[in-house]
Amino acid sequence: MTGQPARSLGTLYGVGLGPGDPDLMTIKAHRVVTTAPVIAYFRKRGKTGHARTIVSEMLGSKVVIEIALEYPVTTEVAFDDAEYIEPIRNFYAQSATRLSTHLDNGEDIALLCEGDPFFYGSFLHMYDRLRQTYPVIVVPGITGMSGCWTAAASPITYGDDVLTVLPGTLSHDALLKSLRATDAAVIMKVGRNLDKIKKALTAAGRFDEAIYVERGTMQGERVMPLANLESSPAPYFSIILLPGGRGRRIT
Ligand SMILES: C[S@@+](CC[C@H](N)C(=O)[O-])C[C@H]1O[C@@H](n2cnc3c(N)ncnc32)[C@H](O)[C@@H]1O
């Protein structure tokens, strides 16, 4: 027998960083981020990247290989638009290839994820493409919504309350149907969907209960009744909370 022993593959870590405040990261996430030889993260073109910003202080000037995966399109294009789907599919395929080059070299990668990696994250596109070939370890994180209802000092579910999590990208009718059927709700991905969400909340008779949270637990955090929010669209990091309470068993 000749030749070199096969090099072992690197591990892809999907690291949940929590809702924004670096103090809300887990000890495990901190350990992986500060020891991995390669750090990867998604970001908009021309921006530092939110996930990268969360870890900037803990990384300091530590030299690691950094892989910035830059989205080819912005949210200016609707998600169901063919103009969006094709470039973004290619982008995820190319991103997975970039990561696999390092994993093939035996280098571990910490892929930084805002909130929890398994909850509406771009990480899922890497997970689906790479988990059959490489070892993958997911480090859970505090979700953005959890940070937001805490920032709003607003308990979200009591007793038998049903909580529904809704992407604001759903149609008005789909939002309305779910809002009518739930006690509590969290509406994510508000952005350009703000006006549609407001109409659905009004039609469901829940508009006055809704709380708006922008940049929860981060610098520039804003919390207010949704009724007080005048500007539209909302920024990327914004969420709408509909606290429960109707399911209380003990009053
Ligand atoms: C693609 S999802 C990613 C969710 C993330 N993986 C998590 O666990 O929260 C992005 C959406 O989450 C919501 N979000 C996440 N963190 C937030 C925060 N700190 N403040 C406000 N909204 C947040 C916003 O609605 C945003 O559009």
Side-chain angles (χ1 to χ4, degrees), residues 13-26 28-29 33 40-44 47 49-55 69-71 73-80 84 88 91-92 95 110-128 138-154 156 163-170 175 178 185-198 200-201 210-226 229 231-243:
Y13 289 87
V15 187
L17 301 180
D21 176 350
D23 282 354
L24 294 174
M25 196 181 297
T26 63
K28 186 167 182 176
V33 169
Y41 45 89
F42 289 95
R43 72 177 179 195
K44 276 188 182 175
K47 304 271 183 186
H50 180 68
R52 180 65 182 82
T53 305
I54 296 177
V55 301
L69 305 166
E70 298 196 323
Y71 295 108
V73 284
T74 66
T75 45
E76 267 76 71
V77 186
F79 76 98
D80 54 354
Y84 172 88
I88 203 86
F91 164 67
Y92 284 134
S95 299
L111 179 50
L112 310 179
C113 312
E114 290 135 8
D116 184 279
F118 273 170
F119 190 63
Y120 292 119
S122 293
F123 167 72
L124 297 177
H125 298 282
M126 300 300 101
Y127 181 74
D128 289 345
V138 175
V139 182
I142 297 174
T143 57
M145 64 181 178
S146 182
C148 288
W149 63 59
T150 305
S154 177
I156 198 77
L163 167 66
T164 305
V165 179
L166 297 164
T169 44
L170 294 180
L175 287 170
S178 291
V186 171
I187 308 178
M188 320 263 301
K189 306 181 186 181
V190 179
R192 292 185 313 149
N193 302 297
L194 177 63
D195 295 337
K196 177 182 59 183
I197 295 167
K198 280 182 172 177
L201 283 162
I211 300 169
Y212 171 79
V213 183
E214 188 175 302
R215 301 182 61 80
T217 83
M218 308 175 205
Q219 213 167 15
E221 173 186 288
R222 295 205 303 158
V223 179
M224 67 184 82
L226 180 60
L229 179 69
S231 56
S232 178
Y236 178 76
F237 280 107
S238 58
I239 220 166
I240 292 170
L241 306 171
L242 207 49

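Just follow the structure's listing: the first ligand is 1, and inside any ligand the first atom is 1.
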Indicate yes or no: does R215 engage E221 in a salt bridge with an N to O separation below 4.0 Å.
-> no

re atom 20 (N) of ligand 1, the protein heavy-atom contact at minimum distance is G216 N, 2.9 Å

min-distance protein heavy atom vs atom 13 (C) of ligand 1 -> M188 CE, 3.9 Å

### Task
Could you tell me how the ring of F118 sits relative to the ring of Y127: parallel (under 30°), tilted (30 to 60°) or perpendicular (over 60°)?
perpendicular

- Query: In terms of the angle between their ring planes, are F42 and Y92 parallel, tilted or perpendicular, with boundaries placed at 30° and 60°?
  - Reply: perpendicular

* Is a side-chain N or O of S238 found less than 3.5 angstrom from the main chain of P235, in a donor-acceptor match? -> yes

K196 side chain to L170 main-chain N or O, any donor-acceptor pair under 3.5 Å?
yes

Can you find an N or O of [X] that's nearer than 3.5 Å to an N or O of ligand 1?
X	value
K189	yes
I142	no
M145	no

Give the atom numbers and elements of ligand 1 that come within less than 4.0 Å of a heavy atom of [X].
X	answer
P19	19 (N)
R215	20 (N), 21 (C)
G115	7 (C), 8 (O)
D116	6 (N), 7 (C), 8 (O)

Tested for side chain to side chain contact (heavy atoms under 4.5 Å, CB included) against I240, the lone hit among V213, I211, L194 is L194

Rounded to the nearest 0.5 angstrom, the CZ-CD distance for F237 and E114 is 3.5 Å

Interatomic distance, CG@L242 vs CG@L166, rounded to 0.5 Å, equals 9.5 Å

Proximal candidate to [atom] [heavy atom criterion; set [options]]:
atom	options	value
atom 24 (C) of ligand 1	P235, S238, A51, G18	S238
atom 21 (C) of ligand 1	C148, G144, A151	C148
atom 2 (S) of ligand 1	Y120, F42, F119, F123	Y120
atom 26 (C) of ligand 1	Y236, F118, F237	Y236

Is the shortest heavy-atom distance from the side chain of F119 to the side chain of M188 under 4.5 Å? yes

Checking heavy atoms under 4.0 Å, the part of M218 that sits near ligand 1 is side chain

